[in-house]
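What you see is a predicted model; the values in this text were computed from it and never measured. Both counts, for ligands and for their atoms, begin at 1 and track the order of listing.
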Amino acid sequence: MPQTILITGGAGFIGRAVARALVARGDRVRVLDSLIEQVHGSRARPEGLPDAVELRRGDIRDGRAVAEAVAGVDAVIHLAAEVGVGQSMYDVDRYVAVNDHGTAVLFQALIERPVRRVVVASSMSVYGEGLYRGADGRVREEVLRQPRSGPDAPWDPLDEEGRPLVPVPTPEWKRPALASVYALTKYAQERLTLMLAPAYGMEGVALRLWNAYGPGQALSNPYTGVLAIFASRLHNGSAPVIFEDGHQRRDFVQVDDVAQAFLLALDRPKAAGQVYNIGSGEDRSVREVAALLGEAMGRPDLTPEIAGKARAGDIRHCIPDISKARDELGYRPARDFADGLRELAAWVAEQEEARDRVEEARRELDRRGLVA
Ligand SMILES: NC(=O)c1ccc[n+]([C@@H]2O[C@H](COP(=O)([O-])OP(=O)(O)OC[C@H]3O[C@@H](n4cnc5c(N)ncnc54)[C@H](O)[C@@H]3O)[C@@H](O)[C@H]2O)c1
């Protein structure tokens, strides 16, 4: 039976991929999105949003717009958010307002008109540092980043005896360690969903997403995912700037795989009340990824600049254990990373507009002492 699904923030990068997948299988899709300038520029309707999607321009904090948007829908995918870790450390008011007050307004409307299920986009950032293993083989859950003692001090966290800790895949049971305002707001979104949905006869599911990439990323948003930022720099003939030493490890997941995860989270009965890590299952260093993207974009000559500085709120390593999503949702990330980069590079090459705001963003962080 086709369903009607509301996607908040559905005009964004992930939202459009989810909308395409839902429309392709015959569901009706409504999007509520305020089309913020940092992501959409002055476009009234983003490319890649299927014509069949009903787009309503409205703010997630506007109770009336949200109440109208939830009327007649079977389920909600909640993506509307401000998404920059670095920016969240100084635009605190806006991040907390959009992400947390926005989620509260959504649930206020859903209390009046409950739906079957609400799936919320949470984030890897809620973990803070991922899980580590020490030289003694013991797994450490509570690794905190200490300020570096000097320019030659190691970037990696150390154990009590000064030996490096090695990152290992982080499962959902690891306790959150919120290191940025963004992470705090994503955790609140997740908890509000898992607490309020069952209280009103709905089902809540949270997907903790790793770094999504693919065609359609907001190239001009300097606070978005690292691959979009690197792509925008390379497209404009500048070298990517890598914070720290570039050996920090992450998991990059193609956006169609993320969309697949949202559809499974919407459908699978077992998912009710659960949290799932969503990544590709393959981790890489940021330095490696920058070099591969440079090659894919035909600019291997633009050697990445290593900033040697860390941004406040950034974590060193976090890589996912995705076995719970594999076992319970049947999630199977299918996209090969090299193919995914080639596809991203081909899309970027067609873009005329990719304003490089990276220097601007770096100055903002520097001015506030948020890079050291
Ligand atoms: N992209 C990633 O790697 C990633 C990783 C972890 C979590 N997430 C989460 O996934 C979701 C989607 O991220 P994305 O990468 O598509 O980001 P995006 O910025 O492309 O999309 C977010 C959308 O929300 C909209 N929005 C912002 N403020 C709004 C408001 N006040 N009212 C209504 N709409 C508003 C924006 O216009 C945009 O279209 C977000 O919740 C984000 O926190 C993304």
Atoms of ligand 1, numbered as shown, that sit under 4.0 Å from any heavy atom of [X]:
X: Gly58; answer: 32 (N), 33 (C)
X: Ile60; answer: 30 (C), 31 (N), 32 (N), 33 (C)
X: Ala121; answer: 9 (C), 10 (O), 11 (C), 41 (O)
X: Val83; answer: 17 (O), 19 (O), 40 (C), 42 (C), 43 (O)

[Y] six-ring centre to [X] NZ/CZ under 6.0 Å and within 45° of normal:
X: Lys174; Y: Tyr127; result: no
X: Arg148; Y: Trp155; result: yes
X: Arg284; Y: Phe252; result: no

Look only at interatomic distance and state if [X] has a nitrogen or oxygen under 3.5 Å from any nitrogen or oxygen of ligand 1.
X: Tyr182; value: yes
X: Ala11; value: no
X: His78; value: no
X: Ala80; value: no

Which bit of [X] gets closer than 4.0 Å to ligand 1, counting heavy atoms only: side chain, backbone, both or neither?
X: Ser122; result: backbone
X: Val39; result: side chain
X: Ile14; result: both

- Message: As a quick check of understanding, evaluate side-chain hydrogen bond (donor to acceptor under 3.5 Å, both in side chains) for His78 and Thr193, giving each step before the final call.
- Response: CA-CA 9 Å; His78 180 36; Thr193 302; over 6 Å; no
